[in-house]
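Just below is one structure, and these are the notes that go with it.
Just so you know, these numbers come straight off a predicted model, no measurement behind them. Each chain gets a letter, A, B and so on, in the order its sequence line appears, and its residues count up from 1.
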Amino acid sequence: MTAPTDRKKRPTRRKTGPKPAAPERTRIERYDPTAIEPRWQARWEELGQSRTDLADASRPRFYLLTMYPYPSGDIHIGHWYIKTPTDAVARFQRMQGKNVFLPIGFDAFGLPAENAAIARGIHPREWTMANIQNMRRQLRSMGASFDWDAEVITSDPDYYRWNQWLFLRFLEAGLAYRARSTVDWCPNDGTLAREQVEGADRHCWRCGAKVEKRDLEQWFLRVTKYADELLDFGGLDWPEPIKTMQTNWIGRSEGGEIVFTTAPDVHQPGGDELRVFTTRPDTLFGATFMVLAPEHPLVPKLTHPDRRAEVEAYVTAAGAETEIERLSTEREKTGVALGTEAINPVNGERIPIFVADYVLATYGTGAIMAVPAHDERDFAFATKFGLPIRRVVAAPGTESAPVDSAYEAHAADEVLVNSGEFSGLPANEGGRRIVQWLARDGRAKPAVTYRLRDWLISRQRYWGTPIPVIHCERCGIVPVPDEDLPVLLPDKVDYGGSGVNPLTRDESFVNVTCPRCGGPARRETDTMDTFIDSSWYWYRYLSPHYADGPFDPDMVETWTPVDQYTGGAEHAVMHLLYAREFTKMMRDVGVIAQNEPFQRLFNQGQILGEDGERMSKSHGNVQDPDELVTRYGADAIRLFLMFMGPWDQGGPWSPTGIGGVHRFLNRVWTIALDPGGTEPGDADSGKLPAGQDEAGARTALRHAAHRTLKVVTGEYTAFKFNTMVAHLIELANTLMRYRGTSVARMPEWDEAIRLLLLMLAPAAPHIAEELWSRRLAAAGAEWSSIHQERWPQVDDTAAAEETREVPVQVNGKLRDRVTVPAGISELELEQVVLARDKVQAALAGREPDRVIHAGGGRLVNVVAR
RNA sequence: GCCGAAGUGGCGGAACUGGCAGACGCGACGGUCUCAAACACCGUUGAGGGCAACCUCGUCCGGGUUCAAAUCCCGGCUUCGGCACCA
C-alpha cells in the first residue's frame with residue numbers, strides 16, 4: 001500500500017478549522033481526504049442525517065432501494081459502483097426537498113457461509129456476522145447516506161420467521177404445494193429452481209457444478225398462475241432489455257391442444273388419449289409420427305412387449321444422463337419406437353409412436369405430434385429413422401418441390417396442401433379451422449402454454465429458512481401453527497461433509513410431536529431458497545422490528561411501491577422476476593394491496609477486473625477499495641466511478657484515470673480556499689483572459705455557473721453522471737482561469753463557488769461539506785450541513801447566451817463561423833452570413849439557391865448548385 | 001440457431017429530436033515553477049498535406065435517403081449479454 005504523498009514533509013499543516021483570511025501567495029493547507037472524511041462521517045452519524053423519519057408526511061416521499069449485498073466478507077469496487085450513484089441520487093433528492101429513504105441490509109443466508117463453516121469448523125452464523133461487521137465498516141467509508149436504523153439481516157430469526165409466516169399463508173391459499181417431479185439437482189446445492197440452472201452445459205448459477213436430474217418430492221410456489229400478469233409491464237418504468245428477457249423467459253405460446261388416440265393392435269385395445277400441444281395446428285395433416293418424452297406416464301403402457309427391453313433401456317439411460325449429455329441442437333437425435341401406433345384425428349391415419357429425449361416432459365403435455373416437413377427437429381429425427389415427410393404448407397408454385405429441409409417460415413401467401421378439405425386455405429386460417437372442427441367433438445381446443453415453471457423452493461441445506469411444516473404419519477403434512485413460529489435453526493451444526501444437510505442428522509430438530517394429533521412426527525428438513533428472502537426485504541426495511549406481522553401495513557401503504565430500484569441486470573430472470581411473482585402472491589393472500597414492487601428500475605453495468613474478466617478472488621483481479629480510500633479518499637473514488645462512463649455500461653476496472661478526478665478535487669479546494677492566489681507555473685495566472693474586461697468576466701462567470709447548474713440538474717435526474725462530473729470539472733477549470741484576478745473578489749465568484757459546492761455535494765459529500773463549513777466559518781455564520789441545503793435555483797437570464805457562435809456551411813461543408821447576438825432574426829443572420837468572405841469564396845460566384853436555418857438557428861447551410 | 005445491446009482518436013468516453021464529430025478525463029509530447037525530484041500549473045495532441053491562410057480524408061464495412069447522417073433506411077461484418085431441442 002502506498003502512503004499518501006509526502007505528508008510528513010509538510011510541517012505547517014493545520015488539522016481542522018477555517019484559516020483566517022490568508023494574505024495572497026500564502027501556501028494554503030493541502031487537500032487531505034484522509035483527515036476530512038472520517039471526521040465528517042462520524043459527524044453525520046452523530047447528527048443522524050441519513051436517518052429517515054418514515055412518519056414525516058410533510059414532504060414528498062422517495063423510496064430509493066439498491067440491491068442488498070451478500071455478506072461475502074469484503075466490499076469490492078463493484079459494490080461501490082452500484083452504491084455511489086445511488087447515494088448521489090439520494091442526496092440530490094433530499095436537496096430537492098424529498099423525504100428520501102435509502103436503507104441497506106444483508107442477504108445473509110446461503111451456501112458460501114456453509115462452505116466456509118465446513119472449511120474452518122465454525123458456525124455459518126459466526127462467519128456471516130463477522131463479514132457483516134467488516135462490510136458495515138467498508139460501506140461507511142464510502143460516506144453513503146444509508147439509513148442504518150432500518151438494517152435487515154435475513155438470517156436473523158426476526159426476519160426469517162416472516163418467511164415462514166408468509167409460506168404458511170401461501171400454503172393455506174394453495175399457492176405453495178408439495179409435489180414429486182423430476183428436478184434439477186446440483187451436487188453441492190441440492191435442488192435448484194429452473195432459473196438457477198444456466199448455460200448450454202446446464203451448470204449451477206452459484207457454484208458452476210454440472211446439474212443432474214432427480215426425481216424428488218419438493219416444495220413449489222405456484223407462480224405459473226401469474227404468467228399472463230407477469231407479461232404486463234404496463235405503468236412500469238423498466239429497461240426494455242429486462243422486460244424482453246422476462247417476457248422470453250415466461251415464454252407464452254399460443255396454439256392448440258390436440259387429442260390423438262392410440263390404435264388397437266393384437267396386444268392392446270387402444271383408445272388411450274395422447275394429448276399434444278402445438279403452435280402449428282395448420283400442419284396437422286403432415287404429422288407422420290408421434291414422440292413422447294422418456295418420462296411420459298403412458299410410455300410403459302404403450303410399449304409393445306417385444307420392444308419392452310429396448311424402451312426400458314432407453315428411458316433408464318435418458319434418466320441417468322446429466323443434462324450435459326443432452327447438449328444443444330448439435331447433438332444427433334436419439335429415440336426408440338414403442339411398437340404401437342396412434343391415430344391422427346384429422347385423417348384417421350395410423351402413425352408410429354416413439355420415445356425420444358428431444359421431447360421435454362416439462363413443457364406442454366410431454367408429447368408431440370411430429371411434422372417433419374415443417375419442424376427442423378422432427379425433420380432430423382425422420383431423416384435418421386427413415387420416416388415419411390409430407391409437405392402440407394406451401395407457397396403457391398412450390399407444392400410439389402422436394403422437402404430437403406424443414407420449412408418453418410410463415411409467409412402471407414402460404415396455403416395448406418395435402419390437407420383434405422382444408423387444402424387451399426391460407427395457413428393461419430386453415431389452422432384455426434382445423435382446431436374448430438376437431439373441437440366440435442372434443443378432439444382439440446385452443447391452448448396456451450408457458451415456458452415458465454413453478455418455483456422450486458426446497459433446498460437441502462442448513463443455512464436457510466426452515467420450511468415450517470411437519471410430516472405426521474397419521475395426519476400427513478401439517479403446517480406449524482403460527483404461534484410456534486419461528487422454527488429456529490438449531491445452534492449446533494454437524495456437517496458430515498459437504499452435500500449433507502445437517503438438519504437431517506439433528507434428532508432434536510427432526511423429532512417432534514404432531515401439532516394436530518400429538519403423535520410422533522418428523523419435521524421438514526428442507527430450507528427455503530434464499531431468493532425467498534430477497535423477494536420481500538424492501539417491505540421489511542419499513543418496519544424492521546415489527547412483531548405483529550412481516551411489516552407494518554400502514555408503512556407499506558404509504559411508502560411502496562419502491563420509487564427507484566438500482567442493481568445489476570444479472571438478476572433479470574431471477575431476483576427481479578421472483579420479486580414480482582412474490583408481490584403478486586402477497587397481494588393474493590391479502591398482506592399488501594399492490595401489483596408490482598418496483599416502479600422504476602435502473603440496471604447499472606458490471607465492473608470487471610483489469611483483465612476484463614469477472615472480478616473474483618479466484619481470478620485475483622479484485623480491486624480493494626480500502627487501499628484506494630487511503631490513497632485518494634472516498635470522494636475521488638466516488639467521482640471517478642461516476643465519471644468512467646455511462647452507469648448502465650460498466651466495463652473493466654482501470655485506476656489510471658483516478659488521478660484526474662483527484663486533481664479536480666484539488667482544484668476545487670484551491671479555488672474555494674485561495675481565490676486570490678496565483679500559479680507560479682503559469683505566466684498568465686492572475687490576469688483576465690485576453691480581450692476580456694472585468695465586467696465581461698463577471699458576466700461570463702455568472703453565465704458559466706448557472707449554465708452548469710442548469711445542465712447538471714438535468715443530468716442528476718437522468719442518471720447521466722459521467723457528463724455531470726465532466727461539467728463540474730469544466731466549471732472548476734473556468735474558475736481556475738479567473739483565480740487571482742480582481743473578479744475573484746466579486747460576488748459572482750462567490751456565487752459560482754457556492755453553486756459548485758452545492759452541485760458537488762451529492763457526488764463528493766465530504767469535500768463539499770468541508771469547504772462549505774469553512775466558508776460559513778469565514779463568514780462568521782453558524783454551521784449547518786451542506787447536505788441540509790436546498791438545491792439552488794437556476795437564473796435563466798444568467799444561463800442564457802448573449803451572443804452565440806453559428807457554424808456556417810456551404811453545401812453541407814463547414815466553411816466559417818459567425819458570432820451574432822442571441823436574438824438575431826433569420827433574415828439578419830442570412831445577411832451576415834452571405835457577407836462573409838469565406839462564404840463568398842466557397843460560393844465562387846454562384847448564387848445561393850436557398851439558405852437553411854437549422855435547429856432554431858443552431859447552424860446555417862448555404863446551398864448553391 | 002433465436003432474442004437483446006453495442007461498434008466513434010493511443011485509451012475511457014461526449015455529441016439535444018438528423019445540424020460544428022471527438023466535450024471532459026487519461027496517456028503522450030513540450031513548457032513554467034523547483035537546487036533537484038515529486039506535486040502543481042500552462043500549452044499541443046484524429047489522420048494526411050501545406051511556410052502559412054487553409055485544404056483533403058475521417059464515427060465497423062458496402063449501398064441509399066437528405067441541403068445536411070455517428071444519428072434514419074437496406075445489406076453485411078464484429079464484439080458483448082441472455083436463452084438452449086420449449087413443439
Side-chain angles (χ1 to χ4, degrees), chain A residues 5-6 9 30 197-202 239-242 244-245 247-249 251 253 255 276-280 283 291 323 326-331 333 356-360 362-365 367-371 374-378 380-381 449-451 569-570 572-573 605-606 612 640 643-646 648-649 651-652 654-661 663-664 666-667 670 678-685 720 722-723 725-730 733 736-737 805-814 816-817 838 841 849-856 858-865:
Chain A
T5 338
D6 288 344
K9 289 185 188 165
R30 271 173 65 87
V197 180
E198 294 184 337
D201 61 347
R202 318 299 306 161
E240 284 304 324
I242 300 289
T244 306
M245 276 159 84
T247 300
N248 292 342
W249 187 262
S253 288
V276 302
F277 172 76
T278 179
T279 54
R280 295 291 305 275
T283 63
V291 186
E323 289 231 348
R326 291 179 140 193
L327 258 186
S328 86
T329 48
E330 306 297 303
R331 181 178 182 241
K333 296 278 180 286
D357 64 6
Y358 83 91
V359 172
L360 306 176
T362 49
Y363 183 78
T365 61
I368 62 158
M369 62 172 203
V371 186
H374 303 290
D375 182 279
E376 219 176 280
R377 298 151 298 181
D378 298 345
F381 193 86
T449 297
Y450 303 90
R451 225 181 79 117
E570 66 273 18
V573 295
Q606 204 171 24
F640 178 61
F643 184 55
M644 275 174 57
D648 56 5
Q649 196 174 291
S654 161
T656 41
I658 200 164
V661 289
R663 272 192 283 282
F664 158 64
N666 266 307
R667 281 198 294 277
T670 304
T678 52
E679 276 309 320
D682 174 15
D684 290 333
S685 180
K720 295 176 81 172
N722 57 330
T723 52
V725 175
H727 288 120
L728 293 184
I729 294 175
E730 233 172 340
N733 291 349
M736 199 71 186
R737 235 166 279 140
E805 196 183 40
V806 179
V808 179
Q809 296 180 337
V810 175
N811 287 334
K813 286 201 172 180
L814 184 71
D816 198 6
R817 287 170 227 268
K838 285 181 187 169
D849 296 326
R850 56 176 166 146
V851 177
I852 290 160
H853 295 263
R858 235 191 339 259
L859 172 143
V860 171
N861 189 9
V862 180
V863 185
R865 289 291 172 221

Minimum-distance nucleotide (side-chain atoms of A/A726 versus B/rC85, B/rA23, B/rA84): B/rA23
I want to verify a distance call: between B/rC41, B/rA23, B/rA87, whose nearest atom is closest to the A/R667 side chain? B/rC41
Which whole number of Å gives the distance between the P atom of B/rG4 and that of B/rC73? 14 Å
Tell me which nucleotide, if any, is Watson-Crick or G-U wobble paired with B/rC51 when both distances must be under 3.5 Å. none
Nearest-angstrom distance from the residue atom CH2 of A/W249 to P of B/rC2: 20 Å
Sugar-phosphate only, base, or nothing, as touched by A/S253 at under 4.0 Å among non-hydrogen atoms: sugar-phosphate
On RNA chain B, does the nearest nucleotide to A/P646 precede the nearest nucleotide to A/E376 from the 5' side, or the other way round? Give the residue. A/E376
Checking N1-N3 plus N6-O4 or O6-N4 for Watson-Crick, or N1-O2 and O6-N3 for wobble, each under 3.5 Å, the partner of B/rA21 is none
Using the P atom on both, measure B/rC11 against B/rC60 and round to a whole Å. 13 Å
A/R663, nearest nucleotide to its side chain (from B/rG4, B/rC24, B/rC41): B/rC41
Polar pair under 3.5 Å, donor/acceptor by atom type, side chain A/R30, base B/rC39: no
Which nucleotide in B/rG13, B/rG25, B/rC41 has an atom nearest any side-chain atom of A/Q649: B/rG13
Expressed in angstrom and rounded to an integer, what is the separation of A/Y358 atom OH from B/rA87 atom P? 13 Å
d(NE2, A/H727; P, B/rG25) in whole Å: 11 Å
Would you indicate which nucleotide in B/rA23, B/rA84, B/rG19 comes nearest to any side-chain atom of A/R858? B/rG19
Which of B/rG13, B/rC26, B/rG25 is nearest the side chain of A/I729? It is B/rG25
Taking the chi torsion of B/rG9, is it syn (within 90° of 0) or anti (everything else)? syn
What is the distance, rounded to the nearest whole Å, between atom CD1 of A/I242 and atom P of B/rC83? 12 Å
Partner of B/rU34 by Watson-Crick or G-U wobble geometry, both contacts under 3.5 Å, or none? none
Please tell me which of A/D375 and A/E730 maps to the more 5' nucleotide of RNA chain B, matching each residue to the nucleotide holding its nearest heavy atom. A/E730
Nearest-nucleotide pick for A/M736, side chain only, options being B/rA84, B/rC41, B/rA87: B/rC41
Sequence neighbours left out, what passes side chain to side chain contact (heavy atoms under 4.5 Å, CB included) with A/A569? Give chain and number order. A/I242, A/N603
Rounded to the Å, how far apart are A/Q606 CD and B/rG82 C1'? 13 Å
What is the distance from CG of A/L814 to P of B/rA69, rounded to the nearest Å? 13 Å
If B/rC57 has a Watson-Crick or G-U wobble mate with both distances under 3.5 Å, name it; if not, just say none. B/rG46
Checking side chain to side chain contact (heavy atoms under 4.5 Å, CB included) for the pair A/I368/A/D378: CA distance, chi angles, key distance, verdict? CA-CA 10 Å; A/I368 62 158; A/D378 298 345; 3.5 Å; yes
Give me the distances for all protein-to-nucleotides 64-68 of chain B N/O pairs that come in under 3.5 Å?
from	atom 1	to	atom 2	distance (Å)
B/rC67	OP1	A/R850	NH2	3.0
B/rC67	O4'	A/R850	NH2	3.4
B/rC67	O2'	A/N861	ND2	3.4
B/rC67	O2	A/N861	ND2	2.4

From B/rC83, B/rC54, B/rC3, nucleotide with atom closest to A/N248 side chain: B/rC3
Watson-Crick/G-U partner (both atom distances under 3.5 Å) of B/rG4: B/rC80
Spacing between A/D357 atom CG and B/rA87 atom P, to the nearest angstrom: 18 Å
A/T723 side chain, from C-beta outward: closest of B/rA87, B/rA15, B/rC83: B/rA15
Could you tell me the Watson-Crick or G-U partner of B/rU65, where both distances fall under 3.5 Å? Say none if there is no partner. none
A/Y358 and A/F381 aromatic ring geometry - parallel, tilted or perpendicular at 30°/60° bounds: tilted
Nearest-nucleotide pick for A/N733, side chain only, options being B/rC3, B/rG82, B/rC24: B/rC24
If B/rA70 has a Watson-Crick or G-U wobble mate with both distances under 3.5 Å, name it; if not, just say none. none
Worked check of side chain to side chain contact (heavy atoms under 4.5 Å, CB included) between A/I729 and A/R667: CA-CA 9 Å; A/I729 294 175; A/R667 281 198 294 277; 4.1 Å; yes
When you check the phosphate oxygens OP1 and OP2 of B/rA15, does a side-chain N or O of A/K720 lie under 4.0 Å from one of them? yes
Given B/rA87, is OP1 or OP2 found less than 4.0 Å from the side-chain N or O atoms of A/T449? no
Give the intermediate values and the outcome of side chain to side chain contact (heavy atoms under 4.5 Å, CB included) for residues A/T283 and A/M369. CA-CA 10 Å; A/T283 63; A/M369 62 172 203; 3.6 Å; yes
In whole angstrom, what separates A/M644's CE from B/rG12's P? 11 Å
In Watson-Crick or G-U wobble terms, with both distances under 3.5 Å, the base opposite B/rC26 is B/rG10
